[in-house]
2 protein chains.
Amino acid sequence: MVHFANYSEENYLKALYKLELRQVKKITNSAVAKALDLNPATVLEMMRKMEQKKLVELLPDKSIKLTEKGSKKALRTIRRHRLWEVFLVKKLGFTWNEVHDLAEQLEHIDSDELVNRLDEYLGFPPFDPHGDPIPDKLGKIKKQVAVPLTSCQQGPTYQVQHFAETSDAFLQYLGQVQIAPGSKIKIVGINAYDQSYSLQLGRRSVQVSEKAAANILVQPADH
Amino acid sequence: MVHFANYSEENYLKALYKLELRQVKKITNSAVAKALDLNPATVLEMMRKMEQKKLVELLPDKSIKLTEKGSKKALRTIRRHRLWEVFLVKKLGFTWNEVHDLAEQLEHIDSDELVNRLDEYLGFPPFDPHGDPIPDKLGKIKKQVAVPLTSCQQGPTYQVQHFAETSDAFLQYLGQVQIAPGSKIKIVGINAYDQSYSLQLGRRSVQVSEKAAANILVQPADH
DNA sequence: GAACTTTATTTGGCACACCAAATAAAATTT
DNA sequence: AAATTTTATTTGGTGTGCCAAATAAAGTTC
């Protein structure tokens with residue numbers, strides 16, 4: 001075979017897209033290297049190849065920007081990833097925190113026909129099981145308005161939209177404290193000593209660290 | 001990433017398995033090279049690696065044999081391939097001759113959990129859309145008793161089981177003449193000039209070359 | 001069995017995606 | 001602004017999977 005589609009390239013594109021989303025001010029080779037757990041030299045090399053392909057621009061201040069073409073390609077991969085996640089959860093009965101690694105593989109399957117049919121088969125779901133929006137066929141994606149729990153007030157009820165981290169450890173953790181997309185949360189208090197959060201979920205009461213709270217993204221619940 | 005599961009290895013294993021099935025007397029590096037469209041030198045190199053991994057035995061007469069371990073692994077890949085084909089046809093509405101290349105990609109997705117759930121979701125299908133048997137979780141596979149149309153008589157009705165070739169061109173061809181797994185066929189006659197076959201399919205009458213007939217595998221139809 | 005032909009193996013090379021260590025450039029501190 | 005620290009880039013190297021061309025071995029023909 002020796003061609004393996006654009007496995008690596010797609011991963012770079014996704015990483016760049018996510019960094020841009022996270023509004024990292026200056027996306028450098030090292031930042032990408034950290035995100036993908038690679039050596040900066042490797043990233044630099046790849047960025048030059050991807051510049052040639054007009055997928056990224058390398059700006060004079062050494063920052064990296066996705067081109068229109070690059071963004072589109074990134075969104076295509078994200079679409080695939082999220083649709084496969086829906087499939088795994090809705091059809092095969094995986095739980096929402098088991099599917100990330102599998103989708104990471106499936107997203108590289110190279111066929112628009114396949115992914116469009118999958119979309120239709122799943123009923124054109126707007127969100128994946130983590131609460132993230134799924135780009136449509138044309139790459140259109142719903143803007144996420146969720147904010148980290150750490151920027152929220154005590155009192156009102158919030159609904160968990162999605163998460164800012166996707167590490168296994170974190171997802172495992174969320175499973176333990178039973179926080180999932182859609183969960184309704186109230187902040188009961190913040191511990192003055194270690195900044196940990198006391199949360200109310202229905203009738204359950206849960207403690208989470210500040211670090212965890214910062215990665216839980218919520219929207220004000222309507223009631 | 002740079003690990004790509006065992007993409008190539010799985011392809012070698014499949015090719016070897018198929019050659020053994022086809023009862024090729026002496027499976028040589030060149031035979032495998034031809035099957036996979038590779039250089040014999042490449043195959044030799046790979047076979048040595050796979051020998052170390054105890055996936056194949058390199059016999060003194062230079063022939064290659066799958067070990068128990070190798071066969072098992074080949075069957076795992078074949079199982080995946082065929083289950084994905086069923087999924088693509090039954091759930092996503094692809095036609096049985098469109099799915100091979102997609103399944104070729106999907107079969108390398110590395111998760112037994114996934115494939116077992118898929119199996120269950122599809123209702124443990126015993127055959128894929130081409131009529132080939134699907135190995136179960138343990139690698140058990142139904143013996144195929146089908147024979148090439150070229151070894152059949154004029155007169156009786158046969159049912160198409162599967163095909164000995166999977167090239168796009170051939171599958172396309174079958175689509176044109178509307179021969180699919182399950183089709184009922186009677187041999188009307190063999191043209192003395194070019195050995196081509198006149199077939200009766202229901203009320204349709206079809207001419208196929210000897211080459212094509214040799215790749216159409218059938219079983220006697222029960223009525 | 002010598003000559004020829006076919007098949008198998010070795011050799012040297014390539015592209016890809018990666019890394020570690022060395023060097024160069026930029027930013028920060030003093 | 002000089003010294004130091006941090007960040008970026010270059011350089012040389014790796015493993016995997018591949019190839020073409022050269023050589024060696026096996027098989028065939030005369």
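Note on naming: letters A, B, ... go to the chains in the order of the sequence lines (proteins, then strands), and numbering restarts at 1 for each one.
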Exercise for the section: Identify whether any heavy atom of A:D37 sits under 4.0 Å from a base atom; if not, whether one sits that close to sugar-phosphate; answer base, sugar-phosphate or nothing. Expected result: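 Since only primed, P, OP1 and OP2 atoms lie under 4.0 Å of A:D37, the category is sugar-phosphate.
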
Rounded distance (Å) that lies between atom [atom2] of [N] and atom [atom1] of [X]:
{"X": "A:Q52", "N": "C:dC16", "atom1": "CD", "atom2": "C1'", "result": "15 Å"}
{"X": "A:I27", "N": "D:dT7", "atom1": "CD1", "atom2": "C1'", "result": "17 Å"}
{"X": "B:E9", "N": "D:dG15", "atom1": "CD", "atom2": "C1'", "result": "15 Å"}
{"X": "A:Y7", "N": "C:dA17", "atom1": "OH", "atom2": "P", "result": "13 Å"}

Mind listing the side-chain donor-acceptor pairs of residues 210-217 of chain A below 3.5 Å, one per line with the distance, residues two or more places apart or on another chain?
from	atom 1	to	atom 2	distance (Å)
A:N215	ND2	A:E165	OE1	3.1
A:N215	ND2	A:K211	O	3.3

Practice task
Would you please say whether a donor-acceptor pair under 3.5 Å links the side chains of A:T77 and A:E107?
Solution key: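 No, no side-chain donor-acceptor pair sits under 3.5 Å.
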
Practice task
Taking only the side-chain nitrogens and oxygens of A:Y12, find out if one of them lies under 4.0 Å from OP1 or OP2 of C:dC18.
Solution key: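 For A:Y12, the contact criterion (side-chain N or O under 4.0 Å from OP1 or OP2 of C:dC18) is met.
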
Practice task
Give a yes/no on whether any side-chain N or O of A:K49 is located under 4.0 angstrom from OP1 or OP2 of C:dC16.
Solution key: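 Looking at the OP1 and OP2 atoms of C:dC16, neither is under 4.0 Å from any side-chain N or O of A:K49.
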
Practice task
Applying side-chain hydrogen bond (donor to acceptor under 3.5 Å, both in side chains), name anything that partners A:S63, two or more places apart in sequence or on another chain.
Solution key: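 A:S63 satisfies side-chain hydrogen bond (donor to acceptor under 3.5 Å, both in side chains) with A:D61 once adjacent residues are dropped.
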
Problem - Contacts of type side-chain hydrogen bond (donor to acceptor under 3.5 Å, both in side chains), residue B:K53, not counting sequence neighbours - result: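 B:K53 satisfies side-chain hydrogen bond (donor to acceptor under 3.5 Å, both in side chains) with B:E9 only.
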
Practice task
Tell me, please, which residues at least two apart from A:F87 pass ring-ring contact (aromatic ring centres under 6.0 Å, His included).
Solution key: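 Applying ring-ring contact (aromatic ring centres under 6.0 Å, His included) to A:F87 gives A:W84, B:F87.
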
What N/O pairs connect the protein and nucleotides 6-13 of chain C at under 3.5 Å? Give each pair on its own line.
from	atom 1	to	atom 2	distance (Å)
C:dA8	OP2	B:S30	OG	2.3
C:dT9	OP1	B:K62	NZ	3.3
C:dT9	OP2	B:N29	ND2	2.9
C:dT10	OP2	B:R48	NH1	2.6
C:dT10	OP2	B:R48	NH2	2.6

Side-chain donor/acceptor pairs under 3.5 Å, residues 38-52 of chain B, sequence neighbours excluded:
from	atom 1	to	atom 2	distance (Å)
B:N39	OD1	B:A41	N	2.8

